[in-house]
Amino acid sequence: MKEILDLVRENIRKLTPYSTARDDCKIKMDVYLDANENPYENGVNRYPSPFQQELKQRLAILKGIKSENIFLGNGSDEAIDLVYRIFCEPNKSSALIISPSYGMYSVAADINAVDIIKYRLEEDFSLDAKKMLSLAREDTRVLFICSPNNPSGNLLSRKEIEYAIDNFNGIVVVDEAYIDFAGSTSLSTLVAEKKNLVVLQTLSKLYAMAGLRIGIAIADSSIVKIMNSVKYPYNISCINQQMALSLLKEPFKIREQCSMIIEEREYLEERLRVLPIVERVFKSDANFLLVKFIDKSTVFKTLTDNGIIVRDRSSLEGCANSLRITVGTPEENDRMLGILYGLSGTEFSPRGKNSDTERENERRAILSRETSETSIQVALNLDRFSTPFISTGLHFFDHMLEQISYHAAIGLNIVAVGDIERDDHHTVEDVAITLAQAFDKALGSRKGIERYGFSLPMDEAEATVLIDLGGRIDFEWEVEFSNAMIGDVNAQMFNHFFKSFAQNLKCNLHIKAKGENDHHIIEGVFKAFARALKCAIREDRKNAGIPSSKGKI
Ligand code: PMP
């Protein structure tokens, strides 16, 4: 594998980048007489932050990565163009791209006079990395992979992608514009070890900011530095930076939208698959479906005549007669289905209002807790599982908190920004407090719940967790670890986490575990804890109040 700098075009390597007026100004000044701006304030009279530090810091927290690994562009389209400009010699270099895929990889290559080599994905749109790499030439400098792929919608095999990264002698761009809809982990955490990897993400899709034009490239800091030196100095306006920052302060609204979009995708897939005018609905891990029709032209025209626009992808390889349909709101989806069912001569029964009422009745809580040491946000849904979104800055702790969501089958999102540079104490404790308060709020009067939870010992770790949500407070902990640290968390903080949780939820919590491996022991505890919670929070119509022989608690 070549060194990254050896892959960079010589003129870029030698470039003295334009230095903006504010590059070196790390401290906030009072008077700005350096950039020939109009001094009369109107909100936009100053140049924007050239390297968008504040926005990057927020994104770094949300994505569990370092801000030095983030480049922000005017859409990810800017990052795609920059990759060509930095790594490819016009009229000399080539790029390898998958096909069918997002059109900008080849348009940007044409603009930069870079020859394109296309690897046709397999029949089912899967990736055979070895076969793809066999097409690379001596002059092939970059490789573009899109996963989930546009327009096919499928997530490509991580193993195959990693094989390509490890075996391609150039830059590998993995475009993850749709990764949030895939319930799969991003490759972005690999950039520290895989120096030739550039992961693209964007605020245009799930994050609902297509109008702001903010794309994200995640890569080794040496690549980010070069991208920064080649981009236009002020490539993202201050209004766009501010608006993105303020929209990112509501990460949970987006997570809820994500699970609604995924549910709608599945609903659409089911409803479309049975239609006689549909030949095939391809499996999607994105927010759209590629649908092969018997006669796509009639479908396209009928939809357009009724004011609905979808994307005709039939000219792309492997996409004959196929339209790409973006998942809309439930009303929009039903309106489209109604038209397609009409065209098929099949009766369409739109969903009832039940689904809305069901959502309204779910036991949910969103809670924030701000102290001088931490800022914690927790969103909890006791009645609907969704892929957990957890970011506390402590990777091992995140992994444990995810267990609660998976094993209690609840929706759980946590974003915590704490003083972890000092130690993990405040973050772990305050997450426990806020999480317990969220449970308390979501459980409401606790009427109708099963109250007790227990779990059987788990094979490897022998963890047992008993819980009583009746309102009495007691905490017992019989767990011993061999090491002071487990991952990046102090082992003794787990006792403190559960104790704070029990006190704040007002519950009895007895935890016992033993084993040989600390990671297994604590993972067993979190899983057993989640299972116990799952039993205890369950509602049963036979329970008039909180079950108690006293009749009153
Ligand atoms: N990558 C893929 C796979 C896309 O489908 C799109 C837009 N349709 C983009 C990137 C562009 O995203 P942005 O709006 O950030 O330029």
Side-chain angles (χ1 to χ4, degrees), residues 52 55-56 59 62-63 70-85 95-109 111-112 116 118-119 121 125 127 142-156 161 171-182 184 186-188 197-219 227 231-232 235-237 240-241 243-244 247-248 254 261 265 282 284-290 309-313 315-319 322-328:
Q52 312 98 10
L55 185 51
K56 283 181 183 169
L59 286 166
L62 286 176
K63 295 185 178 291
I70 300 179
F71 164 84
L72 295 182
N74 185 335
S76 27
D77 289 344
E78 182 182 359
I80 294 169
D81 183 54
L82 281 177
V83 167
Y84 284 120
R85 287 163 63 198
L96 182 54
I97 66 175
I98 61 169
S99 174
S101 197
Y102 179 47
M104 275 308 283
Y105 312 139
S106 52
V107 173
I111 293 169
N112 288 287
I116 280 288
K118 281 188 182 170
Y119 157 69
L121 288 169
F125 298 123
L127 173 70
V142 295
L143 160 63
F144 279 89
I145 300 172
C146 183
S147 177
N149 187 33
N150 175 9
S152 52
N154 58 316
L155 190 73
L156 302 181
I161 298 178
I171 299 294
V172 179
V173 180
V174 180
D175 189 342
E176 294 186 335
Y178 301 99
I179 191 73
D180 298 289
F181 304 106
S184 153
S186 162
L187 286 162
S188 57
L197 170 64
V198 177
V199 175
L200 298 185
Q201 296 186 356
T202 176
L203 296 185
S204 298
K205 307 298 176 187
L206 173 67
Y207 285 89
M209 301 182 212
L212 293 188
R213 312 301 306 124
I214 299 181
I216 306 165
I218 304 156
M227 292 177 90
K231 77 177 178 81
Y232 288 150
N235 59 334
I236 300 178
S237 81
N240 290 2
Q241 291 187 45
M243 180 120 186
L247 289 171
L248 288 173
I254 291 298
I261 291 169
R265 176 183 78 204
F282 291 94
S284 172
D285 299 293
N287 66 336
F288 56 81
L289 289 167
L290 185 69
I309 182 84
V310 296
R311 191 94 152 107
D312 186 345
R313 298 281 72 188
S315 62
L316 302 185
E317 282 188 302
C319 302
S322 300
L323 302 177
R324 193 190 68 197
I325 302 174
T326 305
V327 178

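All residue numbers refer to positions in the sequence shown, counting from 1. Whatever order the structure lists them in is the order used to number ligands and atoms, beginning at 1.
Both the backbone and the side chain of Ser76 come within contact range of ligand 1, each with a heavy atom under 4.0 Å. The backbone and the side chain of Asp77 each have at least one atom closer than 4.0 Å to an atom of ligand 1 (non-hydrogen atoms only).
Each of Leu72, Ile214, Asn240, Leu212 was evaluated against Leu203; a single residue qualifies, Ile214, per the side-chain contact (heavy atoms from CB on, under 4.5 Å) test.
Checked by atom type, the side-chain pair Asn74/Tyr232 shows no donor-acceptor distance below 3.5 Å. Side-chain N/O atoms of Ser188 and Glu176 include no donor and acceptor closer than 3.5 Å.
Once rounded to the nearest 0.5 Å, the distance linking OH of Tyr207 with CD1 of Ile216 reads 7.5 Å.
At least one heavy atom of Lys205 sits under 4.0 Å from some atom of ligand 1. Residue contacts with ligand 1 include Arg213, since one or more of its heavy atoms lies under 4.0 Å from the ligand. Note on ligand 1: Ala210 sits outside its first shell, no heavy atom being nearer than 4.0 Å.
Every residue meeting the salt bridge (charged side-chain N to carboxylate O under 4.0 Å, His left out) condition with Asp180, not counting sequence neighbours, appears here in chain and number order: Arg255.
Counting only residues at least two apart or on different chains, no salt bridge (charged side-chain N to carboxylate O under 4.0 Å, His left out) pair has a member in residues 98-107.
Proximity to Cys146 (heavy-atom distance under 4.0 Å) selects the following atoms of ligand 1: 3 (C).
Residue Tyr102 has no nitrogen or oxygen atom sitting less than 3.5 Å from a nitrogen or oxygen atom of ligand 1, judged on distance alone.
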